[in-house]
Asks: 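Sending over a structure as structure tokens; questions will come in a sec.
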Amino acid sequence: MHALDPETARIVGLPSGNDERKEDEIEPALRFGFRLVCSTALYPLEYAKTLIQLGYEPIAPRPGRTLFGAKRLMLPNIFQYAAYIKSVDGFFGCFRGLSARLLGNMLSSYYSERMAVVVIGKAPNRFDDFDWFEATYEDIDEYMATKDGKVQTRPAGLVRKAVTHVCGILISHPFHVVSIRMMAQFIGREHMYDGLFGSIREIWAHEGIGGFFSGLIPRMVMELSCMALTSSITYLFAKYSGANKTTCGHVNTIAHFSVTSVFYPYHVVSTCMAVQGSRLKAGNPPMMDHYINWRDCYARLLLDRQHKRGSSFFFRTVARVSGKHSDSFAPYPELK
């Protein structure tokens with residue numbers, strides 16, 4: 001359907017092509033702005049989660065019970081952990097590294113599509129741009145309606161999404177590393193990564209260009225695996241069940257949550273490798289072992305049963321086979 005010219009649309013009272021284009025530009029901007037606000041509000045929890053992934057436990061565990069009533073040594077939940085950070089560094093200290101994280105997200109959002117166009121060309125129509133991974137209910141409804149209610153496979157759409165996602169990760173990862181290191185210096189109370197430009201100089205001077213991409217491979221493995229599996233599960237469900245848009249949206253959300261849980265250890269490995277090699281106390285013995293590469297890191301964390309630390313917000317228990325302990329308190333006692 002061709003858009004009406006502005007004058008004709010004004011006479012008949014219908015939206016013109018310019019109005020439609022403005023709406024298409026405003027809606028993604030509002031959604032992106034909403035995501036930035038949510039990311040900022042929840043950042044203290046992300047901060048606490050990052051320190052937990054690095055294996056830092058400044059608060060001694062206490063005897064307690066799990067969700068199923070078993071007696072275990074319980075670590076503080078993520079809200080108590082964030083409260084501890086606030087008690088040490090104050091309210092604004094809970095947002096250490098936020099500037100680098102937001103800048104990376106904004107640059108990634110703005111340039112990833114443009115890089116994808118350079119790599120594989122422009123999408124011929126909107127259907128090729130359809131994203132099952134981040135689809136809203138309205139997107140699913142429109143997608144199914146434009147195809148007469150039938151889901152048809154279009155591999156080009158998934159390939160384009162994968163290329164765009166890879167470009168976004170490559171753009172944002174240097175800022176992701178800076179943000180993690182800003183947070184990680186809380187452990188050793190250093191001041192090497194106090195500002196964005198100072199952090200960039202620190203990494204460039206001691207590690208070179210490779211330091212900005214520390215932990216990139218496990219993050220790429222996790223992101224692309226989650227995207228591919230979530231898209232496939234949602235597509236197959238929509239194709240063979242004939243479900244409506246609401247059901248497909250719920251399936252997409254559940255599939256994304258489940259797949260992310262499976263690949264969560266790669267998130268922990270990526271965080272550890274982002275700090276490994278720096279001059280921070282958090283990235284060197286005794287706080288962290290020296291890992292040969294990310295596969296060695298994964299193997300050791302799996303052996304010590306530390307590969308899912310930070311995955312639970314509540315009912316955090318001490319692993320029965322513990323790895324490195326924080327020097328902030330005595331080793332964990334065994335509970336009989």
Asks: Counting only N and O atoms by type, is there a donor-acceptor contact under 3.5 Å from the side chain of Y264 to the main-chain atoms of G310?
Replies: yes

Asks: I want to check something: taking the side chain as every heavy atom from C-beta on, are F34 and L30 in contact at a cut-off of under 4.5 Å?
Replies: no

Asks: Out of curiosity, L98 CG to E46 CD, how far, rounded to the nearest 0.5 Å?
Replies: 10.5 Å

Asks: Do R219 and H267 have a side chain donor and acceptor closer than 3.5 Å?
Replies: no

Asks: Just by distance, do the side chain of N284 and the backbone of L280 share a donor-acceptor pair under 3.5 Å?
Replies: yes

Asks: Indicate yes or no for a side-chain donor-acceptor contact from S231 to the backbone of A228 under 3.5 Å, with no hydrogens or angles considered.
Replies: no

Asks: State whether the side chain of S270 and the backbone N or O of G215 hold a donor-acceptor pair below 3.5 Å, judged by distance alone.
Replies: yes

Asks: For Y47 and Y81, run side-chain contact (heavy atoms from CB on, under 4.5 Å): C-alpha distance rounded to whole Å, both residues' side-chain angles, the deciding distance at 0.1 Å, then the answer.
Replies: CA-CA 9 Å; Y47 191 170; Y81 204 117; over 6 Å; no

Asks: Just by distance, do the side chain of R316 and the backbone of I78 share a donor-acceptor pair under 3.5 Å?
Replies: no

Asks: Would you say the side-chain atoms of H191 and Q185 include a donor-acceptor pair closer than 3.5 Å?
Replies: no

Asks: So does G168 get a backbone contact from the side chain of S108, meaning a donor-acceptor N/O pair under 3.5 Å?
Replies: yes

Asks: Quick one: are K161 and H165 in side-chain contact, heavy atoms under 4.5 Å?
Replies: yes

Asks: Would you call the rings of W294 and Y266 parallel, tilted or perpendicular, where under 30° means parallel and over 60° means perpendicular?
Replies: tilted

Asks: Are side-chain heavy atoms of T40 and L102 found at a separation under 4.5 Å?
Replies: yes

Asks: Have a look at Y298 and tell me which of V221, N293, V268, V269 forms a side-chain contact (heavy atoms from CB on, under 4.5 Å) with it.
Replies: V269

Asks: So do the side chains of I187 and L51 get within less than 4.5 Å of each other, counting heavy atoms only?
Replies: yes

Asks: Taking the side chain as everything from C-beta on, heavy atoms only, tell me whether F237 gets closer than 4.5 Å to V251.
Replies: yes

Asks: How about F257: does its CZ atom have over 12 heavy atoms from other parts shown lying under 6.0 Å from it?
Replies: no

Asks: Test salt bridge (Lys or Arg N to Asp or Glu O under 4.0 Å) on R309 and D304 and set out the steps.
Replies: CA-CA 11 Å; R309 57 193 182 197; D304 291 339; over 6 Å; no

Asks: Check whether any side-chain heavy atom of Q80 lies under 4.5 Å from a side-chain heavy atom of N77, and answer yes or no.
Replies: yes

Asks: Using atom types as modelled and distance alone, determine if a side-chain donor or acceptor of S179 lies under 3.5 Å from a backbone N or O of G97.
Replies: yes

Asks: Would a single hydrophobic cluster contain both F92 and V37, if residues Ile, Leu, Val, Met, Phe, Trp and Tyr are joined by side-chain heavy-atom contacts under 4.5 Å?
Replies: no

Asks: Enter the distance from Q276:CD to L54:CG here, rounded to the nearest 0.5 Å.
Replies: 11.0 Å

Asks: Between S109 (side chain only) and M106 (backbone N and O only), is there a donor and an acceptor less than 3.5 Å apart?
Replies: no

Asks: Has R201 got its NZ or CZ under 6.0 Å from the middle of the six-membered ring of F197, at an angle within 45 degrees of the ring axis?
Replies: no

Asks: Can you see which heavy atom on I171 is nearest to which on S112, and at what distance?
Replies: CD1-N, 3.9 Å

Asks: Taking atom CD1 of I217 as the centre, does the number of heavy atoms from other residues, nucleotides or ligands within less than 6.0 Å exceed 12?
Replies: no

Asks: E207 and R181: salt bridge (Lys or Arg N to Asp or Glu O under 4.0 Å), yes or no, with the steps?
Replies: CA-CA 13 Å; E207 300 170 65; R181 294 191 180 187; 2.5 Å; yes

Asks: Would you call the rings of H173 and F213 parallel, tilted or perpendicular, where under 30° means parallel and over 60° means perpendicular?
Replies: parallel

Asks: In terms of ring plane angle, is the pair Y43 and F95 parallel, tilted or perpendicular, where the classes change at 30° and 60°?
Replies: parallel

Asks: Do Y291 and R300 have side-chain N/O donor and acceptor atoms under 3.5 Å apart?
Replies: no

Asks: Is it the case that more than 12 heavy atoms not belonging to R189 sit under 6.0 Å from its CZ atom?
Replies: yes

Asks: Do F313 and F79 have their ring centres less than 6.0 Å from each other?
Replies: no

Asks: Any heavy-atom pair between the side chains of M74 and T317 that's under 4.5 Å?
Replies: yes

Asks: Step by step, work out the salt bridge (Lys or Arg N to Asp or Glu O under 4.0 Å) result for E190 and R279.
Replies: CA-CA 10 Å; E190 298 100 341; R279 296 194 299 158; over 6 Å; no

Asks: Taking side chain as C-beta onward, heavy atoms only, is Y56 less than 4.5 Å from P58?
Replies: yes

